[in-house]
Amino acid sequence: MSITIIVEGKNDRSRLRRLLKPEVDILCTFGTLNTVKLETLRKQVGDSEVYLYMDNDSSGKKIRGVLRDAFPDAEHIYTRRGYAGVEGTPDEYNITQLEKVGLEEFIIYPDPLF
């Protein structure tokens with residue numbers, strides 16, 4: 001089963017790309033959604049297992065709502081309020097959130113600092 005995570009922007013994707021193995025697809029909405037963009041995302045996702053990871057702000061919540069309808073079986077990943085979006089979320093917290101939805105086998109864990 002393939003895995004796809006949908007995020008808002010390319011900086012969010014870059015942040016997660018460092019933490020996830022290459023076989024995990026990370027797609028962007030680029031902050032906007034329309035019928036064409038949704039159809040493109042549906043085609044790119046195919047029969048992948050979908051995860052939605054949006055910023056915890058009004059724009060992110062709006063995009064999550066639209067994507068929730070488009071991908072009703074998607075798992076939801078949440079960043080903490082107060083972080084500057086997914087891109088501003090510390091790696092440790094992102095890893096914790098990815099573990100919560102069962103993606104441990106795809107995480108690239110950082111080397112210990114000792």
State, to 0.1 Å, how close [X] and [Y] come at their nearest heavy-atom pair, and which atoms those are.
X     : Y      : result
Phe30 : Lys37  : CD1-NZ, 3.8 Å
Arg15 : Thr89  : NH2-O, 2.8 Å
Ser2  : Ser48  : OG-OG, 2.7 Å
Tyr51 : Ile77  : CB-CD1, 3.9 Å
Lys21 : Ile107 : CE-O, 4.2 Å
Arg80 : Tyr93  : NH2-CE1, 3.2 Å

Indicate, with yes or no, if [Y] and [X] share a hydrophobic cluster defined by side-chain heavy-atom contacts under 4.5 Å among Ile, Leu, Val, Met, Phe, Trp and Tyr.
X      : Y      : result
Tyr109 : Leu16  : yes
Leu98  : Phe106 : yes
Met54  : Phe71  : yes
Val7   : Tyr83  : no
Leu20  : Ile95  : yes

From the list Ile5, Val24, Ile108, Asp12, side-chain contact (heavy atoms from CB on, under 4.5 Å) partner of Arg17 resolves to Val24
Quick one: [atom1] on [X] to [atom2] on [Y], what's the gap to the nearest 0.5 Å?
X      : Y     : atom1 : atom2 : value
Lys61  : Asn56 : NZ    : CG    : 4.5 Å
Leu33  : Ile63 : CG    : CD1   : 5.5 Å
Ile26  : Lys10 : CD1   : NZ    : 15.0 Å
Thr29  : Ile6  : OG1   : CD1   : 8.5 Å
Leu52  : His76 : CG    : NE2   : 5.0 Å
Glu105 : Ile3  : CD    : CD1   : 7.5 Å

Check this for me: Arg18, atom CZ, are more than 12 non-hydrogen atoms of other residues, nucleotides or ligands nearer than 6.0 Å? yes
Q. With a 4.5 Å heavy-atom cut-off, do Leu41 and Leu67 have their side chains touching?
A.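 Side-chain contact under 4.5 Å: yes.
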Would you confirm whether Gln44, through its side chain, and Leu27, through its main-chain N or O, come within 3.5 Å as a donor-acceptor pair?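 Answer holds: no.
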Checking side-chain contact (heavy atoms from CB on, under 4.5 Å) for the pair Val86/Asn11: CA distance, chi angles, key distance, verdict? CA-CA 8 Å; Val86 174; Asn11 293 332; over 6 Å; no
